[in-house]
Structures are given as structure tokens and as C-alpha cells.
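Chain letters run A, B, ... following the sequence lines, proteins first and then strands; every chain starts at 1.
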There are 2 protein chains.
Amino acid sequence: MNNDFLNWKGLRRTDPDRPRPLADAVLRLIWEEHRISRADIALRAGLSRSTVSEIVGEILPLGLVAEMGEGPSSGGRRPIVLEFQDDACVILGVEMGAAHVAVALTNLRGAVLAWESREHPVRSDPPGTRRVIAELCAKCLAAPAAAGRPLVGVGVAVPSPVDPSQPDRLSTIVLPAWEEKLGLESLGEQYGVPLFVDNDANLGALAEQWWGLEEDVDHLAYIKVATGIGSGHIIDGEIYRGATGVAGEIGHIAIDPQGERCICGLRGCLVTLVGAQALVARAAALVADYPDSALAGGEFTVHDIEDAALAGDPLALQVVCEAAGHLGTAIAGLMNLMNPSVVVLGGGFARLRDLILDPLRERIRNRTLVDSVAAAEIRFSELGPQSVAIGAATLVLKAALGDSSLFPLIESSAEASQ
Amino acid sequence: MNNDFLNWKGLRRTDPDRPRPLADAVLRLIWEEHRISRADIALRAGLSRSTVSEIVGEILPLGLVAEMGEGPSSGGRRPIVLEFQDDACVILGVEMGAAHVAVALTNLRGAVLAWESREHPVRSDPPGTRRVIAELCAKCLAAPAAAGRPLVGVGVAVPSPVDPSQPDRLSTIVLPAWEEKLGLESLGEQYGVPLFVDNDANLGALAEQWWGLEEDVDHLAYIKVATGIGSGHIIDGEIYRGATGVAGEIGHIAIDPQGERCICGLRGCLVTLVGAQALVARAAALVADYPDSALAGGEFTVHDIEDAALAGDPLALQVVCEAAGHLGTAIAGLMNLMNPSVVVLGGGFARLRDLILDPLRERIRNRTLVDSVAAAEIRFSELGPQSVAIGAATLVLKAALGDSSLFPLIESSAEASQ
DNA sequence: CATACTTTGATCGGTTACCGTACAAAGGGC
DNA sequence: GCCCTTTGTACGGTAACCGATCAAAGTATG
């Protein structure tokens with residue numbers, strides 16, 4: 001509640017320092033529709049045509065929207081088509097993983113224009129990580145696709161909970177060496193753009209919601225199964241962070257009280273059954289029963305197990321299906337509580353796709369009481385390993401579409417208007 | 001997303017049919033502050049004094065706010081104190097339980113002015129239930145405290161998921177005899193007021209958030225343990241319903257895969273370990289080991305177990321503590337996923353209070369990985385058995401404070417202004 | 001106790017951002 | 001060729017905010 005009564009039910013005092021309150025809404029509508037005429041804007045937004053004309057007149061010089069000839073007549077004068085210029089600006093999305101850094105340069109439609117990635121001990125080396133990030137960002141901005149295009153902002157995905165009220169503060173538990181400080185302000189200052197930070201799983205969820213689905217979905221869960229297990233949530237169209245920014249910890253949900261002991265001190269957490277180490281251990285334990293397996297006799301990693309499963313190896317399939325079943329139990333619990341309409345699976349484990357889909361679906365069907373919960377769609381990430389970095393860029397785009405003053409001014413906007 | 005781009009980040013077109021957009025915000029502020037001067041409103045709301053004066057001039061004749069003399073001077077002219085008239089109107093809150101109906105008549109501050117309750121086979125007898133509801137509502141409105149006070153609206157809590165988009169539709173699974181129709185429109189029409197419907201656990205959560213806590217809490221979970229187990233959630237200050245209105249089903253979360261078989265067809269759901277039947281069965285199974293127990297030799301109900309536990313009976317304590325442990329496991333999972341700042345326990349089981357608090361807290365501490373998750377406060381319902389009905393009334397109040405045109409006009413508003 | 005300064009609340013003119021109406025341009029259909 | 005539509009623009013009107021000003025009624029200060 002606090003001081004937000006002005007926003008109660010969308011009411012808001014007209015902001016005096018920024019021009020025309022509805023301009024942002026119109027700009028966003030044009031973004032959503034890609035190409036739209038003034039008359040259609042008026043129709044869709046419930047504004048009068050005169051107002052829309054005026055607003056568009058103010059928006060055009062920003063260079064984000066251009067008039068692109070005329071559209072087909074529907075029995076009268078042919079409309080002037082306004083088109084959002086997806087490539088007017090670029091955005092940097094940074095992913096900090098546990099052991100790597102990746103940077104994506106995107107346009108205003110989530111398309112990746114440049115991609116840089118490097119292994120790095122992020123956990124233990126904060127200053128080096130900051131240097132690597134700066135370097136990869138510079139490399140991306142030097143790409144030909146970025147030439148002459150101004151930067152909107154930098155989004156950063158961190159492998160740590162992010163408190164909405166203190167975005168620059170990191171959790172001591174997950175990243176103790178960082179001493180609670182992200183320390184990337186200089187990155188934004190260097191380019192003169194704002195910096196946005198959020199949790200990696202949340203940004204994966206954001207990316208999947210914005211770019212991975214055809215339909216508009218307001219309730220989405222993104223589950224990343226790799227070394228660890230994380231999940232991010234979109235609720236009512238917004239990233240869900242919870243009271244202290246730690247929502248979505250699915251990794252330590254109890255699956256089996258008689259199970260293995262977990263690093264968190266308990267037994268039978270999901271990570272003890274589905275994490276990378278768990279899969280390797282399980283396969284090693286079963287290898288005696290499958291002497292013909294491709295994994296028999298030698299060291300192997302999760303990656304090897306996944307490859308073997310995709311090749312049809314019985315041992316790998318056994319391990320993978322068991323894990324999928326456990327994952328299904330956890331996802332069912334998540335669905336019962338959060339009731340998403342789509343669950344997106346990402347991370348290395350999602351490579352297996354059809355191999356794990358059936359055991360997953362069956363377990364979920366069994367464990368969800370209400371039909372409409374079970375009706376949620378289970379699908380795999382369309383963005384793959386880039387989803388988190390793209391999500392970081394999307395965070396910036398989302399902010400700019402909500403407050404168009406964040407968009408940089410574009411000089412050469414005269415040539416665009418035909 | 002849909003058509004809501006006008007509400008994107010609080011932007012909204014000025015609504016032409018209703019006067020003065022910010023009037024609602026000012027009215028709500030006065031409600032929040034109880035007593036406040038015009039100057040303080042301007043300060044708190046960031047409006048100019050002239051605007052506030054004008055708005056208050058329009059609000060006063062509604063009868064919801066009255067000038068109550070002057071307050072203390074702070075070095076200048078003494079302010080005129082505006083006071084929200086909590087008793088200007090009344091609200092009906094209806095609770096439909098599995099086997100009973102209860103109706104609360106409240107004022108505009110959640111105080112219960114009249115209370116009617118009756119056992120009734122709600123599940124199997126829709127028409128009879130509707131009659132009982134109408135009867136109890138009439139009884140409440142006939143109470144002296146309601147004399148001359150206009151009704152704002154009727155809120156109804158149903159023991160069934162409620163789809164936000166179709167509030168009048170009931171789930172076939174939970175209440176098959178109702179054939180998906182609530183059929184209470186006539187109740188609202190009879191009094192000429194709007195009808196609001198939501199899930200009972202959600203409304204319990206709403207009531208606890210609005211009236212049960214001293215501080216403002218935006219993330220709250222309400223867990224009701226009685227015959228069954230339900231949970232309702234407040235997220236970012238709003239009732240959380242999920243994509244299809246089924247969020248918060250905590251009862252069938254998996255606790256023990258080797259546990260008892262559940263009506264949902266699985267093993268080890270929370271209800272098989274903590275529900276009323278589960279407690280009775282567990283006590284019956286242990287009664288041989290406790291020949292001196294008050295429960296030995298004879299039939300008993302959950303209520304008896306609770307009473308015995310409160311009296312210090314070892315058998316009952318054993319049963320109750322085990323159940324609290326299981327409940328703690330489920331709550332820990334919920335906290336990891338939803339990250340609330342307060343968890344409120346309601347229902348009959350919450351009577352045990354201190355008896356279950358320790359095993360509950362311990363289990364939660366063990367099962368929550370992140371400190372800030374575990375830092376959530378666990379407390380017991382302050383509203384007790386009335387919480388759901390009060391929540392139903394609160395739903396109406398919340399709607400009216402968001403759209404003051406829902407408040408009825410009050411005739412005798414002249415006498416109030418001193 | 002008179003004076004200066006504060007604080008509150010009301011009044012009034014000004015501004016902004018919207019609307020509706022009117023109109024010109026440019027099309028389709030009979 | 002005529003009439004009717006549709007699009008985009010121009011212009012006056014209006015609702016809802018602000019700032020400045022002022023009267024009323026208090027406190028602080030000499």
C-alpha cells in the first residue's frame with residue numbers, strides 16, 4: 001500500500017515534466033502491432049483520431065516509428081502505415097552464469113545481432129568478471145549490426161536472488177566473494193545508459209514470455225535444469241520476485257524424505273534427484289546392470305548421459321526417465337501452487353525433449369487435482385542457451401516501452417520518413 | 001497484455017463519465033488515514049492544496065467523509081479534520097462452507113456488526129443453500145446496527161476455484177450439484193447492489209491482510225487447516241488467482257511417496273497426513289500405545305484430539321506434532337516458491353497455536369534454503385472462524401474504495417457536517 | 001500585547017491534454 | 001459520375017490539474 005494510492009486501479013496524476021501521458025501507450029501499441037495506421041490506433045486505444053494524430057506527430061521525430069507508404073483501402077481513403085523501427089536502437093543483455101559470462105546484443109524485437117560468450121570463474125573472481133563483461137559488451141557493440149545505432153540500456157542477469165527494492169545488492173549466500181555488491185554502475189555510465197538487474201531465472205522466464213510463445217501468456221513458469229535447478233515466474237504479466245526477491249526456489253522442494261542427503265542439509269530435495277551430479281551418480285550406480293551401455297567403463301558427464309540418451313542408450317534412458325519423473329513431481333507441485341498457463345523447460349536437460357516429455361506429462365497428470373491446472377502447456381525453450389541473456393535485454397526493452405523517455409534520441413530520422 | 005496497454009505503468013485515459021479521476025484516490029487516502037486535514041492530503045498525495053480543496057468539496061456531500069472540528073495547530077491556522085465515516089454504510093459478507101453458511105454484516109472498517117451462521121448441506125442442496133443465504137442476509141440487515149445504513153454490496157466466498165474472467169461459474173469437480181452456476185444474482189438485485197464472488201481461502205487471505213496485521217504486507221499466504229486444507233495468497237497486494245483461478249492448492253502437495261493413498265489417487269499428499277480424517281486415523285492407530293490417553297476407548301473427532309492436545313494428553317500431542325511437522329514441510333515448499341512475508345494459519349488446527357508452532361518453525365527452518373525466505377513471519381489468524389466471511393465483505397470494500405461510484409448515496413448527510 | 005511569521009483553506013486565472021465537430025483528400029461501388 | 005466511406009488534420013471546447021493570491025486563524029517574539 002504505502003504511497004501507491006495514486007496508482008490504485010491505474011489512476012495517476014498527469015506527470016508534468018514528461019509530455020503527453022498517453023504517448024507512451026501509443027508507442028507501445030505501435031510496437032505491439034508492428035504496422036498500424038493512425039485510425040486503427042484510435043480504434044484500438046479508444047482515443048479520438050484527432051488526439052492520435054497529435055500524439056503521432058510528436059512521436060515521429062523520435063525516430064522509433066516511421067511512415068511506410070499507404071496501406072490497402074477499406075472503402076475510403078488509404079491509410080498511412082506507421083511502422084515500428086525495430087532496428088532503430090540496440091540493447092545489451094548480459095548473463096552471469098556460475099562459470100561463464102555471455103552477452104547478447106539485440107534490436108528492439110529481441111533479435112540477437114551479436115553474441116559473445118566466455119568461460120570464467122564468476123563465483124570466485126568478481127573484478128575479473130567485471131572486466132570480461134565490459135570486454136564482451138564492447139565486442140558486441142563493435143559488431144557491424146550495431147553500427148550507428150544508439151544503445152538503450154544494459155540488462156544484467158545475475159545467478160542470485162535480486163531484491164526489487166535493492167537491485168544492486170547480491171545475496172551473500174550464493175555469491176559470497178562478491179560481498180553483496182554487483183559493481184557494474186560504470187558499465188552503464190561508460191555508455192551513458194541506465195542499467196537494469198534481475199535474477200537469471202526470472203529473465204529466462206521473461207524472454208520466453210516475450211519471444212518464445214505465439215500467444216500472449218500472463219502466467220508462465222520457466223524451469224532451468226542444468227547444474228542446478230532454478231525457476232522464474234511471470235505472474236499477471238510481470239516478473240514475480242516475492243517479498244524479498246527469492247521466489248521460485250524449486251530446487252529444494254522435498255520429493256523423497258528417504259532420499260539422498262542434500263547440500264542444504266536435508267534429504268530428497270529435487271536437486272539430489274535431478275541435478276547434474278545426481279544424474280551422474282545415478283548412472284554410475286546403475287552402470288553395473290548395463291554392461292553394454294555406452295557409458296560403461298570410464299568417466300562421463302551429464303552431457304555424455306544426455307548424448308547417450310538421445311542415441312537410445314538404455315542406461316541413459318533409464319536415468320533420464322527417472323529424473324523426468326521426479327522433475328514432474330516438483331513441477332506438479334509448482335503448478336498446483338502457482339497455476340501457470342505455460343511451463344517452459346530450459347537448460348541442458350531440455351535438450352532431451354521428447355525423451356522426457358512423456359514421463360513428465362504422466363507424472364504431472366497424476367499429481368494435479370484440478371483439470372484446469374493440468375491443462376497448462378508444457379513446452380521447451382525456443383531460445384535455448386541464449387534465453388537468459390535475451391531476457392536481460394528484454395528487461396531494458398520492457399522498461400523503455402513503459403517510459404519512452406528512456407529511448408535515446410536518434411539524429412538521422414529525416415531519411416526514414418518517405 | 002490484450003487491451004490493457006492503457007494501464008501500462010499506470011497510464012490511463014481520463015474516464016469521461018465519472019467525475020474527477022483523483023477523487024477516488026483522495027477518498028481512499030482519507031480511509032487509510034482515518035483522520036486527516038486537507039493540507040496533509042495535498043502533502044501525502046502530491047497534489048496542490050487547491051485541487052484537494054476542490055475534490056474534498058465534491059466528496060463531502062457523499063456522506064462518507066465528515067468535517068470533525070479542528071485539529072492542533074502547528075504554528076498557523078488550525079486544520080479542519082476530515083474523518084472517514086466508518087459506519088456510513090454496511091456490507092454483507094457471505095461464507096459458503098462445505099457444510100455451513102455464515103453471513104457477516106460489517107461496517108467500512110471490517111468490524112462485524114452482525115453475525116449469522118447455520119449448518120447446511122451446501123454441497124448437495126443448491127436451492128436450499130440459496131434460501132438460507134438470503135434468509136441470513138435479511139436477518140443481518142435487520143440488526144439494529146444496520147438501521148438506516150445503506151448497503152454497499154454483497155461479497156460471497158465459495159469453496160471452489162473462481163475464474164477471474166467468469167466469477168459466477170463454479171467448478172464442477174468441487175461442487176457438482178451446483179451445475180457450474182452460483183445463481184445468487186437475485187440476492188444483489190433484491191437490494192439493488194453489486195455482487196462479488198471469490199474463493200474462500202483467497203478471501204481469508206484478504207481479510208487477514210486488511211485487518212489481521214498491524215503493518216502493511218503485500219505478500220501473504222493464508223493456510224486454512226480444517227476438514228481439508230486450503231490456501232489463499234496475496235501477491236503484490238492483490239488476490240492471486242493464477243491463470244485459471246486455481247492457484248494455491250496446497251492440500252495435494254507430495255510429502256511422502258510411501259505414504260497413505262489419497263482420494264486424488266496418489267500417495268502421501270498433505271491431506272492424507274494433516275486433514276481431519278488423517279488425524280483421527282493416526283490417533284486411532286496409536287491409541288494402543290497410549291492406554292491412559294483421554295482418547296482411549298471410544299469414538300472421537302478432530303475436535304476431541306485438539307481438545308486433548310490442549311489439555312496435555314500425550315497421544316494427542318504426538319499426533320498433533322507429527323501433523324505440524326508435515327504441515328511445516330508443505331509450508332516450507334510454499335515459502336520457497338512464493339516467498340511471502342507473512343504466513344497466517346487459520347482453521348480449527350490453528351487453535352493449537354503454541355503446541356504446533358515449535359515443530360512447524362523447526363521444519364520450516366530446516367527446509368528453507370535462503371534466510372530471507374525463512375524470515376517470513378508465521379502467525380495465527382486473528383479473525384478466527386469469521387475470517388472468510390469478513391474477507392467476502394472486504395472484497396466489496398476494496399472494490400468500492402477503488403471505484404467510489406459503487407458507494408450508495410447517503411441522504412441524511414447534512415447533520416454530519418458540524 | 002502588538003507585530004511578524006506560519007499554516008490552512010478558498011478563489012481565480014492559466015495550462016494541458018483530451019474530446020467532438022468540421023473539413024479536405026482520396027478511395028470504392030452502383 | 002454520383003454518393004458514401006474512410007483517413008488524417010484543424011479548431012474550438014472542456015475537464016482537471018496547477019500556481020498565485022488572499023483571508024482567517026493560529027504561534028513566536030520583542
(request) Could you point out which residue of Glu83(A), Glu67(A), Glu70(A) forms a salt bridge (charged side-chain N to carboxylate O under 4.0 Å, His left out) with Arg35(A)? (result) Glu83(A)

(request) Please check the phosphate of dA15(D) (OP1 and OP2 only) for any side-chain N or O of Arg20(B) closer than 4.0 Å. (result) no

(request) Report the distance from atom CD1 of Ile80(A) to atom OG of Ser37(A), rounding to the nearest 0.5 Å. (result) 9.0 Å

(request) Indicate whether OP1 or OP2 belonging to dA10(C) is found under 4.0 Å from a side-chain N or O atom of Arg38(B). (result) yes

(request) Quick one: pull up OG1 in Thr106(A) and CD1 in Ile91(A) and give me the separation to the nearest 0.5 Å. (result) 4.5 Å

Collect all protein-nucleotide pairs involving nucleotides 27-30 of chain C in which both atoms are nitrogen or oxygen and the distance is under 3.5 Å.
from: dG27(C); atom 1: N2; to: Gly75(A); atom 2: O; distance (Å): 3.2

(message) Rounding to an integer number of Å, can you tell me how far Ile41(B) CD1 sits from dT7(C) C1'?
(response) 16 Å

(request) Return the nearest nucleotide to the side chain of Ser37(A); candidates are dA17(C), dA10(C), dG8(D). (result) dG8(D)

(request) Tell me whether the guanidinium CZ or amine NZ of Arg109(A) lies under 6.0 angstrom from the six-membered ring centre of Trp211(A) and within 45° of its axis. (result) no

(request) Rounding to 10 degrees, work out the angle separating the end axes of the helix from dC1(C)-dG30(D) to dC30(C)-dG1(D) (five pairs an end). (result) 10°

(request) Give the ring-plane orientation class for Phe84(B) versus Trp31(B), where under 30° counts as parallel, over 60° as perpendicular and anything between as tilted. (result) perpendicular

(request) Calculate the interatomic distance between Glu67(A) atom CD and dT9(D) atom C1'; express it in whole Å. (result) 12 Å

(request) Check for a donor-acceptor pair, side chain of Ser341(B) on one end and backbone N or O of His219(B) on the other, with a separation under 3.5 Å. (result) yes

(request) Return the value, rounded to whole Å, for the distance between atom CD1 of Ile36(B) and atom C1' of dT8(C). (result) 14 Å

(message) Looking only at the side chain of Arg49(B) (C-beta and beyond, no hydrogens), which of the listed nucleotides dC18(D), dC18(C), dG9(C) gets closest?
(response) dG9(C)

(message) Does dC19(C) have OP1 or OP2 under 4.0 Å away from a side-chain N or O of Thr51(A)?
(response) yes

(message) Could you work out, with salt bridge (charged side-chain N to carboxylate O under 4.0 Å, His left out) as the rule, every residue matching Glu33(B), not counting sequence neighbours?
(response) Arg44(B)

(message) Would the distance check show the side chain of Arg149(A) and the main-chain N or O of Asp87(A) forming a donor-acceptor pair, the cut-off being under 3.5 Å?
(response) yes

(message) Is it the case that the side chain of Asp236(A) and the backbone of Glu238(A) share a donor-acceptor pair, with hydrogens and angles ignored and the cut-off at 3.5 Å?
(response) no

(request) Round to a whole Å and report the spacing from CD of Glu54(A) to P of dA10(D). (result) 10 Å

(request) For the side chain of Ile55(A), starting at C-beta, report the closest nucleotide among dG9(C), dC18(C), dG8(D). (result) dC18(C)

(message) For dG20(C), does the base pair up with any side-chain atom of Ser50(A) as donor and acceptor (N or O, under 3.5 Å, distance only)?
(response) yes

